[in-house]
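Okay, structure first, notes after.
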Amino acid sequence: MCSLAASSLPVNWPGGESPPGPLRSPGDPAKLSDFSLEHKMKPGFPCLLVLLGLLHSAVMSVWGVTTTFPSFPTPDSFPTSDFSSGSPTDSAWSTSSSKSQSFSNFTGNRDDRGVCQCSVILPDNTFPVLRVERLEITAQTISKKFETELSKVKEYVQLISKYEEKLLNLTVRVSIMEKDSISYTELDFELIKMEVKEMEKLIKRLKVGFSGSTVIIDQLEVEIRNMTLLVEQLETLDKNNVLAIRRQVLALKNRLKECEASKVESTPPPPPAPGSCAHGGVANISKPIIVQLNWLGFSYKYGAWGRDYSPQDPGNGLYWVAPLDTDGRILQYYRLYNTKDDLLLNTNARQNQISYGQGSGTVVYKNNMYVNWYNSQNMAKINLTTNKVDLSQTLPNAAYNNRFSYANVRWQDMDFAVDENGLWVIYATEASTGNIVISKLNDTTLAVLNTWHTKQYKPSVTNTFMVCGVLYATRALNTRIEEIFYYYDTNTGKEGRLNIVMQKMQETVQSINYHPFEQKLFVYNDGYLLNYDLVFRQIPQ
């Protein structure tokens, strides 16, 4: 058996041609047939010489080296040798060895037919197919990334062109503004001075209009003086600063207008005569005035209070306070005070007991107290002088026993009210499906004189009161703010919305009573007795 070991072969074949034979994996043994060496030799030493010569020619042709065989001895057996260690006299072999690596360690034998057989192991560095495939994949990936980046660059080019157009437009606008700035002349400064002088005159009028000097007016006057000095300084500076001074002048003008408007608003119209309806209705309401805590204490959160009103003697009525029991339903005790000082000092009080009123819809008119009688549909008239029930009368179709009471206030199905026109009752019926019903009463017989039906749902309001035949309803905005939001005019049959803010001390308003002579509201607010002044809208002359 002939064995032939090779050290290396070049990657590229001569002339760019493909290597002979099929591709193989590195390290696989190659046969002579791979090089088209299918020569059958005769036995003997010449066979081996021919084989070696053919093999050497094939290898040298691969390396691009042309050489000739040196003279070999002709022993019967070919010893193992290394061509690289040939003698210096072998010039041809040395030439081929200098350009390539040598073969070594080969053996051969002849088969039984005398044919020489040997195997050749070619080097591992054959054509790199796997590397070429990886190179192709990498090239494709890089090409895709390049296309993506190229598309981004195109978008950026478009954006840059747009911004270039905007920049050109901006340049034109700036150039126009620079040309226009020449128009600011001495005339502009004179106009500003005239505006400042007008503001000075307005300040003087405001100071005369206000009672005494105020901090706001004084501050505005100082700012206007500073403005005069600033205008004089600007005349010597760059005229483009006129824009800044114009802005300051405009701001001062607006503040002066606001100050003048607040002066007009802060001066309320003169009130109508006591007990008169010569006005256009409620326009505003004052802040609450705390009069007193009810005499039973903070635990008695429900009740009502007010002042007796009589058209015959409107300014000398008794003050009364009627807190309910802690259950918020039963009225059995009330107190009367001759004067407000007695109420404030809690002295000279007359305390009476009844059995029993229901709810906090109580009112006093012409020395009589009107209440919803306990657990019934009846209205009761109690004489304050004798503390006896003079009359009890059924209110037709009225819901009772907490059927349609106010929001957050129980047992106030019947709410009595007094105004310049007399005695009223506010309630709801099953037929009205809970909407407010207003009835005018005969204070002597408790007969219903007239009735009006509204579209306002009674349990959605916190309380109501009457002024000159107009019903006003309130609702809670939060724990400290109430709003008069609805009205119904029995004189015209019109109803609508209002937006009058009404501050309160505590969360729940239990009752509101109006006194026509004092033109005040008497509010029972979680046990506290409060007063409010009403502001009326003037009738256009």
Side-chain angles (χ1 to χ4, degrees), residues 274-277 304 306-318 320 322 331 334 336 352 354 356-400 404 412-432 435-454 458 463-473 487-493 511-518 522:
S276 171
C277 290
R307 188 180 183 188
D308 180 20
Y309 174 69
S310 175
Q312 291 75 26
D313 192 9
N316 294 317
L318 298 173
W320 56 273
L331 170 62
Y334 66 91
L336 302 175
N352 294 328
I354 58 174
Y356 300 106
Q358 177 171 282
S360 54
T362 307
V363 77
V364 173
Y365 180 60
K366 294 182 180 179
N367 201 45
N368 293 300
M369 179 177 285
Y370 297 88
V371 299
N372 174 208
W373 206 239
Y374 179 74
N375 196 30
S376 71
Q377 201 178 23
N378 294 342
M379 302 175 289
K381 176 183 177 182
I382 303 170
N383 191 311
L384 296 183
T385 303
T386 62
N387 193 36
K388 292 182 179 179
V389 178
D390 285 352
L391 181 65
S392 179
Q393 183 71 35
T394 300
L395 182 59
N397 303 319
Y400 66 101
F404 294 115
Q412 199 170 347
D413 299 275
M414 297 183 193
D415 184 17
F416 294 92
V418 171
D419 70 351
E420 293 82 355
N421 297 333
L423 181 65
W424 305 79
V425 62
I426 296 101
Y427 59 103
T429 64
E430 296 293 341
S432 71
N435 289 344
I436 293 176
V437 178
I438 308 169
S439 290
K440 183 71 172 63
L441 299 177
N442 184 312
D443 61 277
T444 303
T445 63
L446 293 181
V448 175
L449 302 178
N450 205 345
T451 299
W452 295 263
H453 292 81
T454 74
K458 187 171 182 284
N463 228 276
T464 60
F465 61 93
M466 298 291 297
V467 177
C468 292
V470 180
L471 172 80
Y472 294 91
Y487 76 92
Y488 184 92
D489 191 348
T490 61
N491 303 299
T492 61
S511 70
I512 302 176
N513 287 313
Y514 170 68
H515 193 273
F517 185 81
E518 294 188 20
F522 291 74

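Everything quoted here is computed from the prediction, not taken from an experiment.
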Exercise. Take Gln377 and Thr394 through the test side chain to side chain donor-acceptor pair (under 3.5 Å) and record every step on the way to the result.
Key: CA-CA 6 Å; Gln377 201 178 23; Thr394 300; 5.5 Å; no
Gap separating the [atom1] atom of [X] from the [atom2] atom of [Y], nearest 0.5 angstrom:
X: Lys388; Y: Lys381; atom1: NZ; atom2: NZ; value: 15.5 Å
X: Thr464; Y: Leu471; atom1: OG1; atom2: CG; value: 5.0 Å
X: Arg307; Y: Trp320; atom1: CZ; atom2: CH2; value: 13.5 Å
X: Tyr356; Y: Leu331; atom1: OH; atom2: CG; value: 11.0 Å
X: Asn463; Y: Ser360; atom1: CG; atom2: OG; value: 7.0 Å
X: Leu441; Y: Leu449; atom1: CG; atom2: CG; value: 7.0 Å

Looking at [X] and [Y], what are the two nearest heavy atoms and their distance?
X: Met414; Y: Ala398; value: CE-CB, 4.1 Å
X: Asn513; Y: Ala304; value: ND2-CB, 4.3 Å
X: Asp413; Y: Lys458; value: O-NZ, 3.7 Å
X: Leu391; Y: Thr444; value: CD2-O, 3.4 Å
X: Ser392; Y: Asn378; value: OG-CB, 3.5 Å

Quiz item: Would you call the rings of Tyr472 and Phe465 parallel, tilted or perpendicular if under 30° counts as parallel and over 60° as perpendicular?
Solution: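 Tyr472 and Phe465: parallel rings.
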Distance-only, no hydrogens or angles: does the [X] side chain make a donor-acceptor pair with backbone N or O of [Y] under 3.5 Å?
X: His453; Y: Ile436; value: no
X: Asp489; Y: Val470; value: no
X: Asn491; Y: Cys468; value: yes
X: Asn435; Y: Ala428; value: no

Quiz item: Counting heavy atoms not belonging to Asn397, are there more than 12 under 6.0 Å from its CG?
Solution: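 No.
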Practice problem: Could you give me the CA-CA distance, side-chain angles and deciding distance for Tyr334 and Asn387, then say whether side chain to side chain donor-acceptor pair (under 3.5 Å) is met? | Solution: CA-CA 10 Å; Tyr334 66 91; Asn387 193 36; 2.6 Å; yes
Practice problem: Check each of Asp415, Thr490, Asp419 against Trp424 using the side chain to side chain donor-acceptor pair (under 3.5 Å) test, and report the only one that passes. | Solution: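 Only match with Trp424 under side chain to side chain donor-acceptor pair (under 3.5 Å): Asp419.
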Quiz item: For Asn450 and Trp452, what are the C-alpha separation, side-chain angles and deciding distance, and is it a side chain to side chain contact (heavy atoms under 4.5 Å, CB included)?
Solution: CA-CA 7 Å; Asn450 205 345; Trp452 295 263; 3.5 Å; yes
Are any non-hydrogen side-chain atoms of [X] and [Y] less than 4.5 angstrom apart?
X: Met466; Y: Ile426; answer: yes
X: Val418; Y: Tyr370; answer: no
X: Tyr427; Y: Asn372; answer: no
X: Val389; Y: Ile354; answer: no
X: Val364; Y: Leu318; answer: no
X: Phe517; Y: Asp313; answer: no
X: Gln312; Y: Lys366; answer: yes

Exercise. Might you work through the side chain to side chain contact (heavy atoms under 4.5 Å, CB included) test for Thr445 and Gln393, ending with a clear yes or no?
Key: CA-CA 8 Å; Thr445 63; Gln393 183 71 35; over 6 Å; no
Quiz prompt | Side chains of Tyr309 and Glu420, donor plus acceptor under 3.5 Å | solution =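 Judged by distance alone, the side chains do not pair up.
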Practice problem: Kindly determine whether Thr385 and Asn367 satisfy side chain to side chain donor-acceptor pair (under 3.5 Å), including the steps that lead there. | Solution: CA-CA 7 Å; Thr385 303; Asn367 201 45; 2.8 Å; yes
Self-check item: side chain to side chain contact (heavy atoms under 4.5 Å, CB included) between Leu395 and Val448, worked out
Solution: CA-CA 8 Å; Leu395 182 59; Val448 175; 4.0 Å; yes
Quiz prompt | Val363 vs Phe522, side chain to side chain contact (heavy atoms under 4.5 Å, CB included): CA-CA, chis, key distance, verdict | solution = CA-CA 11 Å; Val363 77; Phe522 291 74; over 6 Å; no
